[in-house]
Amino acid sequence: MVERYETSLLLLCLFSFSALVLASSPCPLTGLPLVRNISEIPQDNYGRAGLSHMTVAGSLLHGLKEVEVWLQTFTPGTYTPIHRHSCEEVFVVLKGSGTLYLASDSHGKYPGKPQEHFIFANSTFHIPVNDVHQVWNTNEHEDLQVLVIISRPPVKLFTYEDWSMPHTAAQMKFPYYWDEQCYKKESPKDEL
C-alpha cells in the first residue's frame, strides 16, 4: 500500500513538473490552461520604444491554425512601420485614438498616397489582404490600445521606407519579431 502511494505521488509530481515546464516554455503548444489571466501573459516591445505587444492567442505559441490575436499598446507619437501582409487583419480600438493610413492599391507599382482615417475608442476597422497600411498614435495625451486579429498566421510582413517605394523593393520580415523564438522552418505563405 505504501509503495502504491509513493508511486502515485511520484507520478503526480512528475506530471505537475512536466505541465509547469510546458506552460513556462517560451513556445508552449500544450499544457496551457484553457482560461488564462491576460495580466500574466508575457509582453515585450521587441526593440521598438513605445510599443507593448502580447500574443493573446497565436499559431506558434498556442497551435492555432486560422487566426491569431494580439494586444498592442502604442504610447503617444508611436506607430507601426508602413507595411503589408498576405492576411486579413481586424482591429478593435480599446482605448485612445489615432490615425490609420491605408493605401488600397496593392496591384499598382507603388502603394500610393494613403487615405487617412481617424480611429478612436470603441471603433473597429479591417485591413484587406496586401493593402499597405500604418497605424499611428496621434493622440498626444493617451496611449492607443488595440486588439488585433489576423488570419493565416504566422504573419509575413513587407515593410516600406515611404509610400512611394515600389512593392518589389519592400523588405520582407519573416518570421516577425514576436514569432522568432518559436518559429520552426517551414515554407512561408504567399505574398503579392
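Just so you know, these numbers come straight off a predicted model, no measurement behind them.
W178 pairs by the side chain to side chain donor-acceptor pair (under 3.5 Å) definition with nothing, not counting sequence neighbours. For H53, the side chain to side chain donor-acceptor pair (under 3.5 Å) criterion is met by T55, Q72, not counting sequence neighbours. Every residue two or more places apart in sequence or in another chain was checked for a ring-ring contact (aromatic ring centres under 6.0 Å, His included) with Y110, and none qualifies. Residues forming a side chain to side chain contact (heavy atoms under 4.5 Å, CB included) with H141 (at least two apart in sequence, or on another chain): N139. Scored by the side chain to side chain contact (heavy atoms under 4.5 Å, CB included) test, Q171 finds T159 as partners (sequence neighbours excluded). Every side chain to side chain contact (heavy atoms under 4.5 Å, CB included) that T73 has, sequence neighbours left out, goes to S52, D143, Q145. In this structure E88 satisfies the side chain to side chain contact (heavy atoms under 4.5 Å, CB included) test together with V129, S151, sequence neighbours excluded. In this structure, the side chain to side chain donor-acceptor pair (under 3.5 Å) partners of S164, at least two apart in sequence or on a different chain, are D162.
The ring of H117 has its center no closer than 6.0 angstrom to the ring center of H133. Aromatic ring centres of Y160 and H167 lie closer together than 6.0 Å.
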Trace of the side-chain contact (heavy atoms from CB on, under 4.5 Å) decision for I127 with L102
CA-CA 8 Å; I127 307 297; L102 179 66; 4.2 Å; yes

Let's go through V146 and F74 carefully: what are the C-alpha distance in whole Å and the side-chain angles of both, what is the deciding distance for side-chain contact (heavy atoms from CB on, under 4.5 Å) to 0.1 Å, and is it a yes or a no?
CA-CA 9 Å; V146 293; F74 298 87; 4.2 Å; yes

Start with the C-alpha distance between Y101 and K113, add both sets of side-chain angles, then the distance that settles side-chain contact (heavy atoms from CB on, under 4.5 Å), and finish with yes or no.
CA-CA 9 Å; Y101 297 94; K113 183 175 171 34; over 6 Å; no

Checking V90 against T124 for the side-chain contact (heavy atoms from CB on, under 4.5 Å) test, could you report, in this order, the C-alpha distance in whole Å, the side-chain angles of both residues, the deciding distance, and whether it holds?
CA-CA 7 Å; V90 175; T124 184; 4.0 Å; yes

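Distance check, rounded to the nearest 0.5 Å: CG of N137 to CG of L51 gives 11.5 Å. Atoms CD and CZ, on E89 and R152 in that order, are 13.5 Å from each other to the nearest 0.5 Å. M54 contributes atom CE, which lies 5.0 Å from atom CG of L71 (distance to the nearest 0.5 angstrom). Atoms CG and NZ, from L144 and K95 in turn, are 9.5 Å apart once rounded to the nearest 0.5 Å. Taking CG of L100 as the reference point, atom CZ of F125 lies at 5.0 Å (rounded to 0.5 Å). Between the OG atom in S97 and the CG atom in N122 there is a gap of 12.0 Å [rounded to 0.5 Å].
When hydrophobic residues (I, L, V, M, F, W, Y) are linked wherever their side-chain heavy atoms come within less than 4.5 Å, the members clustered with F118 are F120.
Here the closest heavy-atom approach between residue C87 and residue I150 is recorded as SG-CB, 4.1 Å. Nearest heavy atoms, L64 versus A57: CD1-CB, 3.6 Å. Across all their heavy atoms, P111 and A103 have their closest contact at O-CB, 3.2 Å. Closest approach of P154 and S59 over heavy atoms only: N-OG, 3.5 Å. A pairwise comparison of heavy atoms in A170 and F158 identifies CB-CB, 3.9 Å as the closest pair. Contact between C182 and L60 at its shortest, heavy atoms only, is CB-CB, 3.8 Å.
Under the 4.5 Å side-chain criterion, counting only non-hydrogen atoms from C-beta, F91 is not in contact with L147. The closest side-chain heavy-atom distance from V135 to I119 is below 4.5 Å.
Evaluation of the salt bridge (charged side-chain N to carboxylate O under 4.0 Å, His left out) test over residues 129-142, restricted to residues two or more places apart or in two chains, returns none. Among residues at least two apart or in separate chains, salt bridge (charged side-chain N to carboxylate O under 4.0 Å, His left out) pairs with a member in residues 165-181 are K173-E180.
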For residues 32-42, please give each side-chain donor-acceptor pair under 3.5 Å, one per line with the distance, not counting sequence neighbours.
{"from": "R36", "atom 1": "NH2", "to": "V56", "atom 2": "O", "distance (Å)": "2.4"}
{"from": "N37", "atom 1": "OD1", "to": "S39", "atom 2": "N", "distance (Å)": "2.9"}
{"from": "N37", "atom 1": "OD1", "to": "S39", "atom 2": "OG", "distance (Å)": "2.7"}
{"from": "N37", "atom 1": "ND2", "to": "S39", "atom 2": "OG", "distance (Å)": "3.4"}

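A donor-acceptor pair under 3.5 Å links the side-chain atoms of Q134 to the main chain of T80, judged by distance alone.
Summarising the local packing, OH of Y79 is surrounded by 12 or fewer heavy atoms from other residues, nucleotides or ligands at distances under 6.0 Å.
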